[in-house]
Structures are given as structure tokens and as C-alpha cells.
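What follows is one structure encoded as C-alpha cells, with my remarks underneath.
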Amino acid sequence: MPELPEVEGVVRELVPTVEGKTIERVKLSDTIFTSWGAGKQCIVKNMDPHLFEEVMQGMKINTITRRSKYIYFHIEKGEERYLFVNHLGMTGAWFVVKSLAEIGEEKFRKHVHAIFYLTTGELLVYSDIRRFGEMRFMTKIEEHPPLLQMAPEPFEDDACDYFLNKCELPKYQNKSIKEVIMDGQVISGCGNIYATESLFKMGIHPARKTNRISRKRKIELFEVIRAILLESIERGGSTISDYRNINGEAGSMQHRLKMYGKKNCPTCGTLTKSLVIGGRTSVFCPKCQH
Ligand SMILES: [Zn+2]
């Protein structure tokens with residue numbers, strides 16, 4: 001699943017390629033329409049896909065930004081400004097190509113769900129193999145409250161205090177630290193990969209209760225998370241399963257991971273263990289992490 005660094009990588013490539021361009025028309029996949037017809041919402045949320053195609057026509061893409069794991073396309077038509085928000089889910093990927101044949105890997109080509117035809121003749125393509133991604137057309141951000149409840153960006157000055165304050169709430173105190181740091185309302189953009197790595201680096205057992213960790217250690221943990229996220233951004237993210245940047249390229253952070261998906265601890269050689277915490281598999285070293 002793409003985490004903050006992977007989404008940041010996508011945004012950094014979309015910005016110079018797509019900003020300032022105008023959407024001539026949009027074509028959504030048959031799967032999206034069929035799902036809507038069957039009363040389900042596949043990828044396009046809270047809007048009839050026919051209407052989505054219609055409202056996106058003629059939209060100019062002003063700027064593209066990242067907020068946590070979401071991509072915000074700030075769009076406008078005439079005087080009116082809107083927001084088109086995308087979450088990549090498990091396997092969402094964007095491509096900018098002249099024709100679909102340019103998308104190198106067949107699995108992405110086979111699962112194209114939205115084509116934004118730009119007036120430049122280019123195609124801005126959204127592909128999603130497992131279809132857990134989301135697209136929302138919004139007039140204002142309040143239309144999707146979860147976007148307002150996200151923790152500050154981890155690189156902002158107040159993010160650490162925000163994390164410490166959240167940890168004090170009864171709701172989080174007795175939860176495992178892994179679950180807490182992966183909660184987007186506590187820390188923005190730290191998913192399973194970087195939570196696993198950070199806890200290993202700190203020698204903290206993923207199931208340890210949050211209130212059993214001192215304030216000092218929590219601050220250190222937060223700094224480790226921030227450093228790992230930054231390092232991963234620099235390396236173009238981790239390519240685990242189906243993440244690709246918009247040129248279909250893979251990042252290289254996966255080669256730096258020490259615990260995520262490992263059979264043996266790189267420090268002591270002990271066989272790693274795994275537990276399901278908050279619905280996600282958590283790998284850890286039973287000797288090094290307490
Ligand atoms: Zn170990």
C-alpha cells in the first residue's frame with residue numbers, strides 16, 4: 001500500500017507534468033459504471049460516474065498537492081474552484097502518456113479506470129488493480145469530514161506535540177503503540193512499512209501499550225518516524241507489490257528496510273515473529289524489541 005513517501009513521489013512527478021493543463025473530457029471504466037448501477041461505489045465516491053465525467057470536462061488543473069496519503073488536485077472552471085481528491089488505496093497508479101500502449105506493464109494497462117484526456121493531447125491515466133482507490137469531486141473539503149480530522153503533516157513543527165497529546169487521550173492510552181502510530185488522526189502518513197521499521201529501530205515491541213512508553217521515548221520514536229519518512233521520500237519510496245511512480249518506475253527504499261517482510265533480525269539473527277495488530281501483520285524481533 002503506498003504510504004506518505006510513495007504518494008509524495010507521485011505528486012512530485014505529477015506537478016511538473018500536469019499542473020496548468022486542462023481536462024478536455026474524462027472516460028471512466030465500465031467497471032465503475034456497472035458497480036454504480038449495482039448500488040456500489042467503485043473508485044468514484046459519492047457521485048454518479050456520469051456526472052463525474054460531466055463536471056470534470058473543461059477543468060483546469062491549477063496545482064497538485066499532497067496531504068497525508070491523499071493527492072489533492074486543485075481544479076477550476078471559469079471563476080469556480082473545486083477539489084478533486086484521490087487516494088491510491090492499495091494499488092492505485094497514475095500515468096501520463098500519449099497512448100495507453102505506452103503503459104509498460106500489462107497489469108496496469110488492463111486495470112485502467114479513468115482516462116483524463118488533456119487538451120495537450122496527453123492522457124492522464126488512473127490505473128488500479130485492486131480497486132481500493134478513491135476519487136472524490138468536491139466543492140469544499142468539509143464534504144468529506146475525514147480529511148479534516150487528519151493529523152498535521154509529520155514534518156510540521158506542531159506534529160510531535162500533536163502526537164504526544166493524542167497519546168494521552170483515553171482512546172489511545174491502552175492501545176498498542178503500533179496501532180496508534182498508524183492512525184492517521186495521530187500521525188499523518190505512517191503506514192505498516194514505516195511503523196514496522198521505526199519500532200524496530202527504537203527496539204519497541206509493536207504490541208506495547210502506548211501508556212507504557214515514556215514521553216522521552218515517544219519523542220524519539222516520532223523523530224525516527226519522521227527521519228524514515230524523509231529518507232524514503234529521497235529514495236523515491238518503497239516498491240512493495242504494485243506501487244509505481246507516474247513513469248512506471250519503482251522506488252528503492254525497499255532495499256533499506258530492515259524488518260518489514262524479513263525472516264531474520266538483521267541485528268541478532270533471531271527468527272522474526274509476526275502478530276496481527278489493528279488488522280495488519282506486524283513483524284518484529286522477539287529479542288530486540290520489548
Ligand atoms: Zn533482533
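Every value quoted in this text rests on a predicted model; they were computed, and no experiment measured them. Whatever order the structure lists ligands and atoms in, that order sets their numbers, starting from 1.
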Q: Give me the ring orientation class for W94 and F84: parallel if the planes are under 30° apart, tilted from 30 to 60°, perpendicular past 60°.
A: perpendicular
Q: Would you list the pairs meeting salt bridge (Lys or Arg N to Asp or Glu O under 4.0 Å) in which at least one residue belongs to residues 255-271, sequence neighbours left out?
A: E231-R256
(Q) Below 2.8 Å, which protein N, O or S atoms neighbour the Zn ion (ligand 1), ignoring water? (A) C265 SG, C268 SG, C285 SG, C288 SG
Q.
Quick one, F73 and I23 - any side-chain contact, counting heavy atoms below 4.5 Å?
A. no
Q) Taking only residues two or more places apart in sequence, or in another chain, which ones meet L51 in a side-chain contact (heavy atoms from CB on, under 4.5 Å)? A) M47, D48, V55
Q: Each residue besides I141 in its hydrophobic cluster should be listed here, by chain and number; the cluster joins Ile, Leu, Val, Met, Phe, Trp and Tyr at side-chain heavy-atom distances under 4.5 Å.
A: Y70, Y72, L83, V85, M138, L147, L148, M150
**Q.** Identified side-chain contact (heavy atoms from CB on, under 4.5 Å) counterpart of E223 within the set I225, L221, I219
**A.** I219
